[in-house]
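In this chain, numbering begins with 1 at the start of the sequence shown.
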Amino acid sequence: MVLAASAGTVAAQKCSDQPLRFYLYPAATLPDGVSTVTAAVTGDGNWYDASIKNCGGTYDAVLNLLAGSKRRLTFIFPSPIPSSYVDVPIPAGTYQKSGFINVRNLICKNCTDAHKPFTTHVGMQISSLINRRDFRLRYMPVIVDAPDLHIDPAEVPEENMPYSGSPALVIPQPYDCLSGGQVKPAWVVRGTVNNNDPSTPAGFQLQVGTAHDISSSTPVRAGQYSMPFEFRIEALQCFSY
């Protein structure tokens, strides 16, 4: 006897992640929309394949180069922000490594208007950054516009110590593929936001991220860093959100 599939099974079979592509700019645009700074997280000058994680229910845009990819990301680490917590130091320098970038809730699920600019969390992971040890770099202030459907809220305070982290600004782009046009959904993600924490030393407020060594079961603090970035993310298929 063949049993009918349950509604949950059918839904699971129909689920598919939304294909995307990422482009990481070598310069990041400041809030005035004109001036730029050198990006601290960049690519190799070409597009990277990625996806929106619809099936996991997080709607994160994920670029994953950790699973055997020969391509790399470039991370330019400055010295840590003075008086940030550094138990495992990351020497200032340029690192070309396998990596992982996660822009949380790219479609701003559960937002009032997902087509207006909004702030969100961004998480990154860097493979074998120092002595074959893996690190993460997170931009996760306590308050952002897009609900973070991924992270355990209990982890957020650790990402804002001693200084508040910066959000990323997501700027949805116009698209017309649902009405006969050829332009698919796209987003510009700018990591050029001051953290607005008055305790942050002067000159270090721009795009504050928090690093941890995650090679053991308990993450170890590796300092906070001013590391701006800018990405363009484009859908490879037309869809509505």
Please tell me if the side chains of [X] and [Y] come closer than 4.5 Å, counting only heavy atoms from C-beta onward.
X	Y	answer
S128	R133	no
F229	Y25	no
S166	P228	no
V156	E158	no
V183	P174	no
I233	V188	no
M161	Y85	yes
V208	I81	yes

Just by distance, do the side chain of [X] and the backbone of [Y] share a donor-acceptor pair under 3.5 Å?
X	Y	value
S215	D134	yes
Q205	G203	yes
D87	V220	no
T42	A39	no
N105	Y59	no
Q207	P167	yes
N54	C15	no
T192	T29	yes
Q173	I171	yes
N64	L66	yes

Handout entry: Salt bridge D148-R104, side-chain N to carboxylate O under 4.0 Å
Key =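 Counted as a salt bridge, because a side-chain N and a carboxylate O are separated by less than 4.0 Å.
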Practice task
Indicate yes or no: does R72 engage D44 in a salt bridge with an N to O separation below 4.0 Å.
Solution key: no
Gap separating the [atom1] atom of [X] from the [atom2] atom of [Y], nearest 0.5 angstrom:
X	Y	atom1	atom2	result
L65	L73	CG	CG	5.0 Å
N195	Y163	CG	OH	10.0 Å
C108	K116	SG	NZ	12.0 Å
Q18	C238	CD	SG	9.0 Å
L149	N110	CG	CG	6.5 Å
Q96	I126	CD	CD1	13.0 Å

Exercise for the section: In sequence, state the C-alpha distance, the side-chain angles, and the governing distance for L137 and M227, and then conclude on side chain to side chain contact (heavy atoms under 4.5 Å, CB included). Expected result: CA-CA 10 Å; L137 176 65; M227 293 180 63; 3.9 Å; yes
Practice task
Check the pair W47 / R232 against side chain to side chain contact (heavy atoms under 4.5 Å, CB included), numbers first and verdict last.
Solution key: CA-CA 9 Å; W47 291 90; R232 183 176 175 89; 4.1 Å; yes
Pair [X] and [Y], ring centroids less than 6.0 Å apart:
X	Y	value
Y225	F204	no
Y241	W187	yes
Y48	F231	no

If you take all heavy atoms of [X] and [Y], which pair is closest and at what distance?
X	Y	result
C111	P147	SG-CD, 3.8 Å
K97	S127	CD-O, 3.6 Å
P141	G165	CB-O, 3.3 Å
F239	L178	O-CD1, 4.2 Å
P219	S217	CD-O, 3.7 Å
S16	C55	N-SG, 3.4 Å

Practice task
Might you confirm whether atom CG of N131 has over 12 heavy atoms from other residues, nucleotides or ligands at distances under 6.0 Å?
Solution key: no
Hey, any chance [X] and [Y] share a hydrophobic cluster, counting ILVMFWY side chains that come within less than 4.5 Å of each other, even indirectly?
X	Y	value
I151	I143	yes
I214	V41	no
V189	V144	no
L206	L24	no
V170	I101	yes

Handout entry: Chi angles and distances behind the side-chain hydrogen bond (donor to acceptor under 3.5 Å, both in side chains) call for T119, D145
Key = CA-CA 5 Å; T119 57; D145 298 322; 3.1 Å; yes
Practice task
Give every residue pair that meets the salt bridge (Lys or Arg N to Asp or Glu O under 4.0 Å) criterion with at least one member in residues 17-41, sequence neighbours excluded.
Solution key: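 The answer is D17-K53, R21-E234.
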Handout entry: All pairs passing salt bridge (Lys or Arg N to Asp or Glu O under 4.0 Å) where residues 184-194 contributes a residue, at least two apart
Key =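 Those involving residues 184-194 are R190-E230.
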Handout entry: Option passing side chain to side chain donor-acceptor pair (under 3.5 Å) with E159 (candidates Q224, R136, H121)
Key = R136
Exercise for the section: Show the numbers, then the answer: is there a side chain to side chain contact (heavy atoms under 4.5 Å, CB included) between Y95 and T74? Expected result: CA-CA 6 Å; Y95 302 84; T74 297; over 6 Å; no
Handout entry: Criterion side chain to side chain contact (heavy atoms under 4.5 Å, CB included) on F75 and T94, from CA distance to verdict
Key = CA-CA 6 Å; F75 298 86; T94 299; over 6 Å; no
